[in-house]
Trainee: 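Have a look at this one.
The residues of the chain are indexed from 1 along the displayed sequence. Numbering of ligands and ligand atoms starts at 1, following listing order.
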Amino acid sequence: MRILVTGGAGFLGSHICERLLSAGEEVICMDNYFTGRKDNILHLMDNKRFELVRHDVVDPFKFEVDQIYNMACPASPVHYQYNPIKTTKTSVVGAINCLGLAKRTNARILQASTSEIYGDPSIHPQPEEYWGNVHTLGPRACYDEGKRVAETLFMDYNRQNGVDTRIVRIFNTYGPRMLPDDGRVVSNFIVQALKGEDLTIYGDGLQTRSFCYVDDLVEAILRTMSQVETNLPINIGNPGEFTMIELAKKVIQLTNTSSKLIHEDLPMDDPKQRQPDIKKAKEVLEWEPKIDLETGLTKTIEYFKSQI
Ligand code: NAD
Ligand code: UDP
């Protein structure tokens, strides 16, 4: 198959390109390098089945493809809030462009949605049936609402035009190829610990997140694309739930650093808790994460040691 991966030079996109190539597929990687980089896919450049295209998903494009993974969008709050109007355009116009291409070429298409569509959730853990609690006017709305509209578009292209759509709702994922200055908590803590700097806890540090290692996540994404049971969203993440203080202490222990914890202001609308209900992923994909936090952090620490 010929497969388009938008955002293919980013953290998750580059791992998807790699997996697809090793399965014998032909891959077109499209990226505007906002948060992605050529370094992430440099090792794929010699492969004759790999093609790299510098392009913005917001601008129209034409390819002949069998499948599309729409991964293009900055994922770190720091990066998606840098130019919030562009973030919404990337999610919404990018989804329309990808869906139009899928409609014309009869390609199956997968949307990288997010746990952020649940906002600051009032139900815990979050099942796919939960409609969410998003502040439509806040600083995270450009991302949350953009991703919500993208889900709506995927469902409507499926119902109205018969496009073969898939949606994954990704919960916090970490691992090698995150940018050292990505701004998300796992990379921040590891980079700070390795540099001997204090770890920045936003707020009281009692907010929780569930962290999934990238290899587990990519496996679930590929399985979602392959299955033919449902077009409805599937949560993907690791249900292990940790406070930011617990995460920081684990990073300090694994890096053997003398760094301390310091508290900084909690960003506005920061969700208090996050945990995926992965019953559906277990049933439909016969998948559950295999890599626990300590193992995943150890691999990620090794990666950042080679980067810093
Ligand atoms: P990332 O920032 O590393 O990757 C995003 C990629 O998209 C980058 O290569 C970037 O340059 C590219 N991009 C951004 N805007 C673009 C545009 N307008 N045109 C073309 N390319 C563009 O982030 P990631 O963690 O790899 O996330 C990938 C996808 O998964 C995103 O859609 C994100 O919303 C989603 N997601 C990720 C997580 C996570 O924890 N990693 C959680 C939920 C959802
Ligand atoms: N966070 C933190 N210190 C940091 C970066 C983030 O305490 O240096 C907190 C942030 O406030 C949030 C959690 O870690 O509560 C996860 O943040 P991240 O940006 O990784 O992802 P989010 O799930 O909020 O999109």
Side-chain angles (χ1 to χ4, degrees), residues 5-17 29-38 40-41 53-59 61 69-81 83 86-87 89-91 93-95 97-98 110-118 120 140 143-144 146-147 150 168-175 177-179 182-192 197-212 214 217-218 221 235-237 242-245 247-248 251 261-274 276:
V5 182
T6 74
F11 163 48
L12 297 180
S14 63
H15 286 276
I16 291 175
C17 291
C29 165
M30 195 178 99
D31 209 293
N32 72 347
Y33 304 120
F34 177 49
T35 49
R37 49 185 176 164
K38 283 190 188 154
N40 287 344
I41 32 122
V53 181
R54 179 193 282 267
H55 190 83
D56 197 306
V57 274
V58 168
D59 301 324
F61 46 89
Y69 288 80
N70 185 29
M71 309 302 294
C73 187
S76 158
V78 178
H79 291 134
Y80 71 63
Q81 289 172 28
N83 183 345
K86 174 72 191 214
T87 299
K89 278 189 190 170
T90 294
S91 283
V93 182
N97 285 338
C98 289
L110 177 141
Q111 166 67 1
S113 189
T114 166
S115 56
E116 278 288 318
I117 66 104
Y118 299 122
D120 192 6
R140 296 173 85 99
Y143 183 73
D144 302 8
K147 291 283 189 180
V168 286
R169 289 185 182 151
I170 304 169
F171 284 66
N172 297 58
T173 301
Y174 68 98
R177 301 202 196 128
M178 292 183 93
L179 290 173
D182 179 87
R184 282 177 277 186
V185 69
V186 175
S187 44
N188 270 12
F189 284 177
I190 293 178
V191 171
Q192 289 162 345
E197 296 168 0
D198 291 336
L199 275 59
T200 50
I201 305 277
Y202 299 163
D204 59 14
L206 298 177
Q207 68 272 36
T208 67
R209 294 292 186 275
S210 302
F211 298 102
C212 187
V214 60
L217 184 99
V218 169
I221 287 185
N235 284 340
I236 304 181
F242 300 87
T243 66
M244 295 312 103
I245 290 188
L247 175 71
V251 170
L261 309 187
I262 49 164
H263 289 263
E264 293 189 356
D265 290 344
L266 186 70
M268 188 178 164
D269 292 342
D270 199 275
K272 283 181 273 309
Q273 52 182 5
R274 274 289 163 66

Trainee: Decide whether an N or O pair under 3.5 Å exists between Asn172 and ligand 2.
Mentor: yes

Trainee: What I'd like to find out is whether the side chain of Met244 reaches to under 4.5 Å of the side chain of Tyr202, using heavy atoms alone.
Mentor: no

Trainee: Select one of side chain, backbone, both or neither to describe which atoms of Asp270 lie under 4.0 Å from any atom of ligand 2, heavy atoms only.
Mentor: side chain

Trainee: Work out whether the distance between some heavy atom of Ser76 and some atom of ligand 2 is less than 4.0 Å.
Mentor: no

Trainee: Can you name the atoms of ligand 2, numbered from 1 with element, that are less than 4.0 Å from a heavy atom of Ile201?
Mentor: 7 (O)

Trainee: What class does the angle between the rings of Tyr143 and Tyr80 fall in, given that below 30° is parallel, 30 to 60° is tilted and above 60° is perpendicular?
Mentor: parallel

Trainee: Would you say Asn172 contacts ligand 1, with heavy atoms under 4.0 Å as the rule?
Mentor: yes

Trainee: Should Val57 be counted as touching ligand 1, given the test is an N or O pair under 3.5 Å?
Mentor: yes

Trainee: For ligand 1, which is the ligand I care about here, please tell me if Arg37 has any N or O atom under 3.5 Å from one of the ligand's N or O atoms.
Mentor: no

Trainee: I want to confirm something. Looking only at heavy atoms, which of Ile170, Ile16, Leu179 is nearest to atom 42 (C) of ligand 1?
Mentor: Ile170

Trainee: Heavy-atom distance to atom 22 (P) of ligand 2: which of Arg140, Met178, His79, Arg184 wins?
Mentor: Arg140

Trainee: Using distance alone, determine whether Asn70 and ligand 1 share an N or O pair under 3.5 Å.
Mentor: no

Trainee: Please state whether Lys147 comes within less than 4.0 angstrom of ligand 1, counting heavy atoms only.
Mentor: yes

Trainee: Looking at Asn188, which atoms of ligand 2 are within less than 4.0 Å of one of its heavy atoms?
Mentor: 4 (C), 5 (C), 8 (O)

Trainee: Report the member of Ile41, Ile236, Asn83, Leu12 with the shortest heavy-atom distance to atom 26 (O) of ligand 1.
Mentor: Leu12

Trainee: So which of Thr114, Val186, Asn32 gets nearest to atom 16 (C) of ligand 1, if we judge by its closest heavy atom?
Mentor: Asn32

Trainee: Specify side chain, backbone, both or neither for Glu264, according to which of its non-hydrogen atoms lie closer than 4.0 Å to ligand 2.
Mentor: neither

Trainee: Considering only heavy atoms, which of Arg54, Lys89, Arg184 lies nearest to atom 41 (N) of ligand 1?
Mentor: Arg184

Trainee: Backbone or side chain, does any N or O of Met244 fall under 3.5 Å from an N or O of ligand 2?
Mentor: no

Trainee: Quick one, Asp270 with Arg209, criterion salt bridge (charged side-chain N to carboxylate O under 4.0 Å, His left out). Give me CA distance, side-chain angles, the key distance, then yes/no.
Mentor: CA-CA 11 Å; Asp270 199 275; Arg209 294 292 186 275; 3.2 Å; yes

Trainee: Run the salt-bridge test on Glu116 and Arg140 with the 4.0 Å N-O cut-off and return the result as yes or no.
Mentor: yes

Trainee: Answer yes or no: are there more than 12 heavy-atom neighbours, outside Asp265 itself, under 6.0 Å from its atom CG?
Mentor: no

Trainee: Is it the case that ligand 1 has an N or O less than 3.5 angstrom from some N or O of Pro74?
Mentor: no

Trainee: May I ask whether Ser76 places a heavy atom under 4.0 Å from ligand 1?
Mentor: no

Trainee: Decide whether an N or O pair under 3.5 Å exists between Met71 and ligand 1.
Mentor: yes

Trainee: Check for me whether Gly94 has a heavy atom closer than 4.0 Å to any atom of ligand 1.
Mentor: no

Trainee: Report yes if Gln192 has an N/O atom closer than 3.5 Å to an N/O atom of ligand 2; otherwise report no.
Mentor: no

